[in-house]
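The analysis underlying the following values was restricted to heavy atoms, covering all of them including side chains, and did not include hydrogens, waters or symmetry mates. Quick caveat, the model's predicted, so the values are computed rather than measured.
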Amino acid sequence: MYELLRESLFTLDAERAHDVALSSLRGLDCARVSGALFGRPPRLERTLFGLTFRNPVGLAAGLDKDGVAIAGLAALGFGFIEVGTVTPKPQAGSEKPRLFRLPKDRALINRMGFNNLGVDHLVRRIDNVRSRVADDCPVGVNIGKNKDTPNEQAHQDYVVCARRVAEVADYITLNLSSPNTPGLRDLARVESIAPLLDAVKRCVDSTPLLVKISPDMADDDLDALAAGLRAWGADGVIATNTTISRPASLASREQAQLGGLSGAPLFERSLRTVSQIAPRLSGLPLIGCGGVHTAADARQMVEAGASLVQIYTGLIYEGPRLIHSIVEALRQMRFPQPTT
């Protein structure tokens with residue numbers, strides 16, 4: 001069934017299709033039929049950051065920036081949902097077109113630019129839908145800075161967002177790795193991230209704080225970052241965001257578009273990042289994200305050190321059945337419950 005739906009959506013502009021899909025999921029939830037249509041995968045509980053996840057498969061940030069369809073997305077079978085990236089003030093994002101399909105590569109390129117309706121709007125959305133999302137399906141919020149905020153003042157944007165979303169979020173993720181906000185990745189350098197994390201942690205001490213990292217960092221920088229995150233106040237890591245690299249294997253017409261590449265061509269780079277940093281995190285939980293399109297991909301992420309996985313582009317190409325197949329594969333794998 002999903003193949004027919006995907007075929008129909010792919011006749012639309014990529015961003016238009018994205019909006020239609022979110023509106024449809026919101027409508028199904030309002031009609032209280034989404035659960036009956038999609039069912040739920042078997043339970044495979046994980047406990048991390050003091051939170052219970054009904055299964056280890058989450059939705060990555062970026063798909064639902066403004067919390068339009070949280071309950072509908074949860075009803076697809078996800079074990080957790082991450083919304084955002086959200087900024088203190090609303091912003092329009094980059095000029096359109098800014099989202100491109102690479103169907104031959106099962107990939108996307110985006111240069112959305114943190115388009116969102118602002119943190120106050122998102123907090124209201126989450127608050128309104130909270131009663132329709134099960135307690136064992138945590139909702140995380142991914143936060144960033146406004147484009148016009150200079151890096152030397154970025155900590156103020158992150159503190160404002162963190163303080164507001166802590167009222168409704170089960171965990172908070174600092175997005176320091178999007179390639180589409182100029183200078184943002186500079187905030188992940190050791191000399192910048194330590195004071196930034198400290199400032200945010202002091203205002204949301206009881207809410208788990210995660211950091212989402214880039215797949216494009218140099219090895220030495222990545223090692224230094226991984227080694228220091230716990231001391232600087234992070235409670236976990238998400239690896240990785242999209243990449244500015246372009247593998248030689250890309251075959252789709254849109255491969256030359258500027259922006260972050262996600263989907264299947266990102267997987268090897270994300271997996272390598274997970275493998276490199278997992279032993280250096282001093283026990284911090286790690287969420288594997290980037291290019292997961294199959295159950296086998298998810299298993300490799302777990303074997304490399306991930307305790308949870310997230311999908312986004314894989315959902316678009318493979319549909320909700322991907323969630324179910326991953327949960328079943330990990331259940332058969334019997335991977336151990338994290339100890340942190």
Side-chain angles (χ1 to χ4, degrees), residues 6 14-15 18 56-65 82 84-85 98-114 142 144 173 175-181 184-185 188 210-219 221-222 225-226 237-278 286-306 308-319 322-323 325-326:
R6 182 184 63 197
E15 189 166 351
H18 170 270
V57 185
L59 177 71
L63 186 70
D64 192 358
K65 291 181 172 66
E82 188 169 319
T85 299
R98 54 195 181 182
L99 180 62
F100 308 91
R101 299 187 193 96
L102 283 68
K104 293 180 181 178
D105 306 293
R106 294 187 301 156
L108 299 172
I109 291 175
N110 92 81
R111 51 174 181 265
M112 303 299 287
F114 287 177
N142 186 296
T173 301
N175 188 343
L176 307 178
S177 49
S178 170
N180 299 316
T181 295
L184 187 78
R185 289 184 168 189
L210 282 61
V211 176
K212 188 165 186 176
I213 64 174
S214 165
D216 300 322
M217 295 182 73
D219 288 349
D221 292 337
L222 185 59
L225 179 68
V237 179
I238 300 177
T240 65
N241 212 314
T242 58
T243 180
I244 58 173
S245 70
R246 296 293 184 267
S249 61
L250 293 180
S252 299
R253 180 170 52 89
E254 301 284 11
Q255 62 178 282
Q257 292 289 345
L258 297 177
L261 174 71
S262 64
L266 173 60
F267 178 70
E268 290 301 327
R269 185 174 284 261
S270 294
L271 180 65
R272 185 173 70 246
T273 302
V274 169
S275 300
Q276 180 176 342
I277 68 171
L286 174 61
I287 300 176
C289 178
V292 175
H293 276 244
T294 68
D297 293 340
R299 287 188 62 145
Q300 288 188 69
M301 282 288 193
V302 169
E303 289 167 350
L308 305 170
V309 296
Q310 287 181 322
I311 62 173
Y312 174 166
T313 307
L315 177 68
I316 292 170
Y317 280 93
E318 313 301 333
L322 178 59
I323 306 166
S325 64
I326 292 174

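Considering only heavy atoms from C-beta on, Phe100 stays 4.5 Å or farther from Arg253 through its side chain. Considering only heavy atoms from C-beta on, Pro265 comes within 4.5 Å of Leu250 through its side chain. At least one side-chain heavy atom of Thr313 sits less than 4.5 Å from a side-chain heavy atom of His293. In this structure, Ile238 and Glu82 have side chains that are in contact, with non-hydrogen atoms separated by less than 4.5 Å. Under the 4.5 Å side-chain criterion, counting only non-hydrogen atoms from C-beta, Met301 is in contact with Ser270. In this structure, Ile213 and Leu222 have side chains that are in contact, with non-hydrogen atoms separated by less than 4.5 Å. Inter-residue side-chain proximity for Glu254 and Ile109 is flagged as unmet; no heavy-atom pair is nearer than 4.5 Å. The side-chain heavy atoms of Met112 and Leu99, taken from C-beta on, include a pair separated by under 4.5 Å.
Partners of Arg269 under the salt bridge (Lys or Arg N to Asp or Glu O under 4.0 Å) rule, at least two apart in sequence or in another chain, are Asp216.
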Apply the test side-chain contact (heavy atoms from CB on, under 4.5 Å) to residues Leu102 and Leu261: give CA-CA distance (whole Å), side-chain angles for both, the deciding distance (0.1 Å), then the verdict.
CA-CA 9 Å; Leu102 283 68; Leu261 174 71; 4.2 Å; yes
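Minimum heavy-atom separation, Val292 to Ala298: CG1-N, 4.0 Å. In this structure, Leu322 and Ala295 approach most closely via the heavy-atom pair CD1-N, 4.4 Å. The two residues Gly305 and Ala278 make their nearest non-hydrogen contact at CA-CB, 4.1 Å. Residues Val274 and Gly288 approach most closely at CG2-CA, 4.3 Å, considering heavy atoms. Closest non-hydrogen pair, Gly260 versus Pro179, comes out as CA-CG, 3.8 Å. What you find for Arg6 and Ile316 is that their closest heavy atoms are CD-O, 3.7 Å.
Looking only at atom types and distance, the side chain of Arg246 has no donor-acceptor partner in the side chain of Gln255 under 3.5 Å away. A donor-acceptor contact closer than 3.5 angstrom is absent between the side chains of Ser262 and Thr242.
With Thr85 as the fixed residue, the side chain to side chain donor-acceptor pair (under 3.5 Å) test singles out one of Asn175, Thr173, Asn241: Asn175.
Interatomic distance, NZ of Lys104 versus OG of Ser249, reported as 13.0 Å (0.5 Å rounding). Put simply, NZ on Lys212 and SG on Cys289 are 4.5 Å apart, with the number rounded to the nearest 0.5 Å. Once rounded to the nearest 0.5 Å, the distance linking OG of Ser178 with CG of Asn110 reads 7.0 Å. Summarising the geometry, atom OG1 belonging to Thr181 is positioned 11.0 Å from atom CG belonging to Leu176; distances are rounded to the nearest 0.5 Å. For the atom pair Ile326 CD1 and Arg299 CZ, the distance stands at 12.0 Å (nearest 0.5 Å).
Here the side chain of Arg101 pairs no donor or acceptor atom with the backbone of Leu108 at under 3.5 angstrom. Here the side chain of Tyr312 pairs no donor or acceptor atom with the backbone of Ala61 at under 3.5 angstrom. Remark: the backbone N or O of Ile287 is not paired with any side-chain donor or acceptor of Gln310 at under 3.5 angstrom.
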